[in-house]
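See below for the structure under consideration.
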Amino acid sequence: MIGGGGATLRAALDRLPRRALGFFPTPVRPLDRFRDAQGGPRVWIKRDDLTGLAFGGNKTRKLEFLVGEALERGCDTLVTGGSAQSNHCRQTAAAAAACGMECHLVLGGEPDGVPDGNLLLDTLLGATVHWAGEHRKGETIPELVAGLERAGRRPLAIPYGGSNAVGAAAFADAACELYDQLGDRLTHVVVASSSGGTQAGLTLGAYALGDGHEVVGVCIEKHDDGRRFSRHVSDLASQTAALLGVAAPNTERFTFWSDHLVAGYGVVGDLERDAIALLARTEGVILDPVYTGRAFGALVDAVRRGRLTEDDEVLFWHTGGGPAVFPHRAALTGQD
Ligand SMILES: *Cc1c(COP(=O)(O)O)cnc(C)c1O
């Protein structure tokens, strides 16, 4: 049954402006052939790679609320930033196209030959790309927004990864969607965590629903100070709770696994390669090399080390990222 907290949360989410961009609810399936091969707990997969917006992914959920806000404010342009292979930037470009808005992306790096993967899709979707050198987290968004405003545009700045309170609220909504599919049977939800909005929203949502499962954020970025990232995620959840008028979970509710960051952001190693091959060959599901390959690798490792056992019931949240397999073709086939 849905508790009082859940009812308050759902009513608050219903009041936020939202623009439909994807297909929801996304499917949930048990990974039975994977389990037969691997042993350990029952594992489910939540297919947010199938949200449908230009190859899908978790940013579609955030963008439904962020674009809802942009349209309510009368904006005509979306501005965001990330790495050259950012899934978030590609989905933002698609959202802008679907709503008749302009899209400007500030991407880390320099132009480099024929565009591939997400960058190719950004181009096809008509986004304007601004190269930002070493800045791959949208550091120069404010300058770009100021220039667009001087030119008479009405831009909405969307932060790195779409992770502000509005973006994270979309994952409190996703927690409700999951609850309606599986109830409170799960012990763990495992998800890749990078800008933190997905983990913040899922943790807040489960808490507000009174659903006791642990949300495990598998850290994708290397942080000099891991406590700073955990503070960032719990602060973001608190801001989101304030936006929605529900109670915020305390810091102990946030779980981070960070022992799988072998070589830093976007560096593909055996963990990612093996996890991608295992799920592809047992279930026919493609993971990406940067986020979901690493997060699923962490899940497999946790099963092998007995951190997750047969008594657990685990859901792996597939957050998308498929287009990045192509530019990582060398690392994925061991030819790098
Ligand atoms: C952005 C992204 C994530 C991480 O989500 P955050 O909310 O930024 O933590 C995970 N997987 C994929 C494929 C992504 O594009």
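Order of listing sets the numbers, starting from 1, for every ligand and every atom in it.
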With respect to [X], determine whether any N or O atom, backbone or side chain, lies less than 3.5 Å from an N or O atom of ligand 1.
X	result
Gly196	yes
Ser194	yes
Ser195	yes
Thr292	no
Tyr291	no

Margin query: Between Arg33 and Glu283, does any NZ, NE, NH1 or NH2 come within less than 4.0 Å of an OD or OE carboxylate oxygen?
Written below: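 Salt bridge: no.
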Next item on the list: For Phe316, check ring-ring contact (aromatic ring centres under 6.0 Å, His included) against everything at least two apart and list the hits.
Entry: Phe296
Check: ring-ring contact (aromatic ring centres under 6.0 Å, His included) with His104: which residues, sequence neighbours excluded?
Finding: His130
Check: At a non-hydrogen distance cut-off of under 4.0 Å, which region of Val290 contacts ligand 1 (side chain, backbone, both, or neither)?
Finding: neither
Margin query: Just to check, does Gly57 reach to within less than 4.0 Å of ligand 1 when the distance is taken from its heavy atoms?
Written below: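 Not so, Gly57 does not reach ligand 1.
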Next item on the list: Please identify which atoms of ligand 1 are closer than 4.0 Å to at least one heavy atom of Ser193.
Entry: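 In order of number, 9 (O).
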Next item on the list: Report, in ascending order of atom number, the atoms of ligand 1 lying under 4.0 Å from any heavy atom of Lys62.
Entry: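 Those of ligand 1 that fall under 4.0 Å from Lys62 are 6 (P), 7 (O), 8 (O).
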Which residue supplies the protein heavy atom nearest to [atom], what is that atom called, and how far is it?
atom	value
atom 11 (N) of ligand 1	Thr319 OG1, 2.6 Å
atom 2 (C) of ligand 1	Lys59 NZ, 2.4 Å
atom 5 (O) of ligand 1	Asn58 ND2, 3.1 Å

Note to self: Between Arg253 and Thr203 (side chain of the first, backbone of the second, donor and acceptor by atom type, cut-off under 3.5 Å), is there such a pair?
What the structure shows: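 Checking the backbone N and O of Thr203 against the side chain of Arg253, no donor-acceptor pair under 3.5 Å is found.
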